[in-house]
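All of these numbers come straight from a predicted model, not from anything done at the bench. So that the names make sense, note that chain A is the first sequence line, chain B the second, and so on, each numbered from 1.
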Amino acid sequence: MGEAKAIANKLPKAYVPAEFEGAIYDRWLAADVFAPDGAGSRADPSLEPFVIIQPPPNITGALHLGHALTSTLEDAMVRHARMQGHPTLWLPGLDHASIAAQYVLDKLIAAEGESRESLGRERYLERMWQFINTTREVMLGQQRRIGASLDWSRLRFTMDEGSARAVRVSFKRLYDDGLAYRTEALINWCPGCRTSVSDLEVIPTAETGTLWTIRYHLVDPSTGAPDPKAWIGVATTRPETILGDTAVAVHPDDDRYRALVGRKVRIPFVERDVPIIADDVVDRAFGTGAVKITPAHDRDDWATGRRHDLPMITILDDDATINDAGGAYAGLDRYEARARIVADLEARGDLEGSKPHEMLIGRCQRSNDVIEPRLKTQWFIRTGPLAESALRATRGGETTIVPAHFEKVWEGWLTNIHDWNVSRQLWWGHRIPAWYCPDGHTTVSSEIGGPASCDGCGRGAGDLTQDPDIFDTWYSSGLWPFSTLGWPDATDDMRRYYPGAVMETGYDIIFFWVARMMMLGLHLTDAAPFKKVYLHGLVKDPYGKRMSKTKGNVVDPLEAIDSAGADALRFALLNGTSPGNDQKFRSEKLEDARNFANKLWNATRFVLGARPASIAAGDGGALRGAPDAARLGPAERWIQSRAAATVEAVDRAFADDNFGEVARVLYEAIWSEFCDWGLELAKVRLADASLADAYREATWWTLVDALDTYLRLLHPVMPFVTEALWGVLPHSADDPELLVVARWPKSGPRDAAVEATVEELVELVVAIRNARAAADIAPAAWLETHLSVPHGAHAAFETLAPAIERLARARPLALHVRRQDLPRPAGALEVILPAGDYEAIVVAAVDAEGATGDRARLDAELADAERYLLAARERLANDAFTSKAPPAIVERARVREAELAETVARLRARLGA
RNA sequence: GGGCGAUUGGCUCAGUGGUUAGAGCACGCGGUUCACAUCCGCGGGGUCGCUGGUUCGAAUCCAGCAUCGCCCACCA
């Protein structure tokens, strides 16, 4: 035993993650176990590959808890599949995040006194590469810290040539198929980022603005001059757009204005005469019932303008100052112009009124600037047909969404989808592969050097100019599942690993990313890029608020890892969660998870230290012995059976994609079952020198077996501590060096009888402790105790008697078969279980106070039992219940009634009531 | 204006028809037991948001309502 102790003592008394995590990750890398075709991979090639697709994180910055959750979930899935023998592919990557990256870099260079303009396109891009080369290592390092078992040999970046080629080829295909087109349309312009953004990047924000009512004077048809006494009042929240007005609209059925339709009004300041038109988009109840129409700067007005063929006058420059069309206001910032115009209207008596107005303002997701709708000629993807394919894939079950309720969200968005503006007036990203000739012909080319000549007129390349714009970042992200595997070439990786099995991400990017991957993937590869979409919830702060840098409530995953270990962070992020639901993250969860890792650590230390001297030492290198079935006691069989039950429960939880359940089941099984009862029951036999070696050996091998099973089951969630501990356990001959590629456990046979017996034992021990505590008996006091145990369980209790002595401080302990044989001296504690024949008497010299405590406890027990008995009797007296409920349920109720009746009788007798 | 989700002990969450609704944290009492004080034992604490319905039986299924959160939506 001394030698085994020495081995155990080589492990620190508490688990210190920092001492193991880095070294273990390096061992995994050295063993080359992460790649499906790695040297250390023990994948079974006959099994279907498991490919998981992760959202490549933005290269711009540090990872937050959301990334940590993504990595944890995906790593758990991959490790589980890997242990099951599937070839697994989890491909690491980074996204160039054009608008986000430029936003960050612009701020950085601003601090150096530079700007986009001062550097110019080429030097700006050089600076960007320099910047991301520094962030890149940091970000990849963070993924390693959390234990992500990514195949680093396949690391990709959305700006590498593989992605660039996929972008060119795919766009050419879409263009040739009529799914990409260039047109002038109203787009969302962010004056801060100086680019257009997609509808998804415009965040509607509730704000209180002002609704001004303004007089537009009617033009006298005879004189052609505005009539100072006749006007129509229009309401607006953006007075500066007056400068771009080209009509006033009223509802066709509005009696107030019917006569005015067809007349003209004079727009102030620009002195333009525009028609009054009738259109039923106008809401008669709102404002004055007359609407000014600014087709070039408002989405509704644009549609109205198209219906009525109105001129569209752009009044804003790229930086949201008024342009030359604004006359005297040219050069002013939009809000300055607004203020001046309001003042000027008031001065000339044309401001009828103003009032506060609750409204939604579109703001830029990135810069928070107010978005201005503007006319621009840009590239669009025709999403209608693509969305239909995506819907077919989910409706037909080719791809399923977990949790299922997101299917409705998916349906709704794809059914009402608008065309996707993919042009960005930015520099960092993939240049749109479109060239224009002086005659206005467009040539789209997938060649890296561009087209040799114009498709329209044959002019040479020298006469062609490439579109200056780049693609929306999400365009290249949308190609990720196949661009990373070598598409458009028919590579081995494409054949083997496409389509993927699971696409895992947060529900917040279901439209940005998931839908686009589906649409592009289906069109370009004729297959849905993944079979399952797993959506996780968001990690919020303890008050349920979204974490953000500006709020200062972000938790840095690296700090969490430093303080509690990667395993603890991972466990904390999974424990108590369910798919698609948000979670509040608090430090207590992390502490609890850390304690759990430590518990596992110490349980293993105990087992190692308890190795019987008759088993040869081996410092972890010794081969595993099988527990000798003939020497197993009830405790050992119970441990085996519960381990088997845990395998079943964990398998079920994985099958249900319920990782919160995986964590919960293992926490409960390891802590509350294996440690609290399994180890405690086993201790006595392991320390009993009177037994033959073979018995102690059988017990020990049982513990090692169970521990081995638990470590395997827990490995997907807590890879580091399980790897560290598994390394010091004796292994079977066919086990690999490392747990990461060990086989997933198979569920063994269950032993219902022994499970039931130990359950009774637990109840009895708990009841005795409870009674002793209630009677104020010193916990350490050894007291003579008598148990009555039914005949069938007698042998098991006999075997476990020494353990029961320890657990219940019951010494001497006597077992009886019949309850009437129990001695009942005055002052003894009676412990009565409702389950029939189990009963305990603790013979103690209880003082008056203690006896009172015991009496109060028994009174309470009697009251409870009487209440339950009454309920049971009422249920059974109900004919509807006995005739309609399933017989098994009725039978159970009868048994229960009988038990309760007996308990009540015994308690009454004991209390003399 | 539509849609989705949540509502269970002080807190964070499990629990999708069947005995007396669970866990962790927090709280109270006790503990120098040879794996672990990052621990061990015991305890208090919930009419499962509200109202109705289905059912022998509802936290669980249905309808309506309320509160909170989120998504979508062209009312100036």
Touch class at under 4.0 angstrom, heavy-atom based, for [X] against every strand present:
| X | answer |
| --- | --- |
| A:Trp782 | nothing |
| A:Lys683 | base |
| A:Ala303 | nothing |
| A:Pro542 | nothing |
| A:Asp283 | base |
| A:Glu680 | base |
| A:Arg238 | nothing |

Among the nucleotides [options], which one has an atom lying closest to any side-chain atom of [X]?
| X | options | value |
| --- | --- | --- |
| A:His357 | B:rA76, B:rG24, B:rC40 | B:rA76 |
| A:Lys584 | B:rC13, B:rG30, B:rC25 | B:rC13 |
| A:Cys675 | B:rG5, B:rA35, B:rU38 | B:rA35 |
| A:Asn602 | B:rC36, B:rU19, B:rU38 | B:rC36 |

Look through every strand shown and name the nucleotide pairing with [N] as Watson-Crick or G-U wobble, where both distances are under 3.5 Å.
| N | value |
| --- | --- |
| B:rG52 | B:rC62 |
| B:rC25 | B:rG10 |
| B:rG17 | none |
| B:rC39 | B:rG31 |

Gap in Å between the two [atom1] atoms, one belonging to [N] and one to [M], rounded:
| N | M | atom1 | value |
| --- | --- | --- | --- |
| B:rC50 | B:rG43 | P | 29 Å |
| B:rG49 | B:rG5 | C1' | 15 Å |
| B:rG45 | B:rG52 | C1' | 31 Å |

Given that A:Gln583 and A:Arg299 both sit by RNA chain B, which one's nearest nucleotide is further toward the 5' end?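 That would be A:Gln583.
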Between A:Thr236 and A:Asn878, which has a closest nucleotide on RNA chain B that is more 5'?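 It is A:Asn878 whose nearest nucleotide is closer to the 5' end.
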Kindly indicate whether the side chain of A:Lys13 and the base of B:rC36 share any N or O donor-acceptor pair separated by less than 3.5 Å?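 Side chain to base: no pair present.
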Assess whether one donor atom and one acceptor atom, taken from the side chain of A:Glu668 and the base of B:rA14, lie less than 3.5 Å apart.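 For A:Glu668, whose side chain was compared with the base of B:rA14, there is no donor-acceptor pair (under 3.5 Å).
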Would you confirm whether the ring centroid of A:Trp671 sits within less than 6.0 angstrom of the ring centroid of A:Tyr710?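 No.
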Between A:His357 and A:Phe286, what is the ring plane arrangement, given parallel below 30°, perpendicular above 60°, and tilted in between?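 Judged by the thresholds at 30° and 60°, the geometry between A:His357 and A:Phe286 is perpendicular.
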Listed by chain and number, what are the side-chain contact (heavy atoms from CB on, under 4.5 Å) partners of A:Ala572, not counting sequence neighbours?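 Once residues adjacent in sequence are excluded, the partners of A:Ala572 under the side-chain contact (heavy atoms from CB on, under 4.5 Å) criterion are A:Phe585, A:Lys589, A:Leu590, A:Ala593.
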Could you check A:Arg892 against A:Glu897 for salt bridge (Lys or Arg N to Asp or Glu O under 4.0 Å), going step by step and ending with a plain yes or no? CA-CA 9 Å; A:Arg892 217 190 298 172; A:Glu897 187 214 7; over 6 Å; no
Please determine if a side-chain N or O atom of A:Arg664 lies less than 4.0 Å away from the OP1 or OP2 oxygen of B:rA14.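 No.
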Is there a side-chain polar atom (N or O) of A:Lys408 under 4.0 Å from OP1 or OP2 of B:rC4?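 Yes, within the criterion.
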Got A:Leu725 and A:Leu729 here, is their nearest side-chain heavy-atom distance under 4.5 Å?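 No, their side chains stay 4.5 Å or more apart.
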Would you find more than 12 non-hydrogen atoms of other residues, nucleotides or ligands less than 6.0 Å from A:Arg307 atom CZ?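 It does: A:Arg307 CZ has more than 12 such atoms within range.
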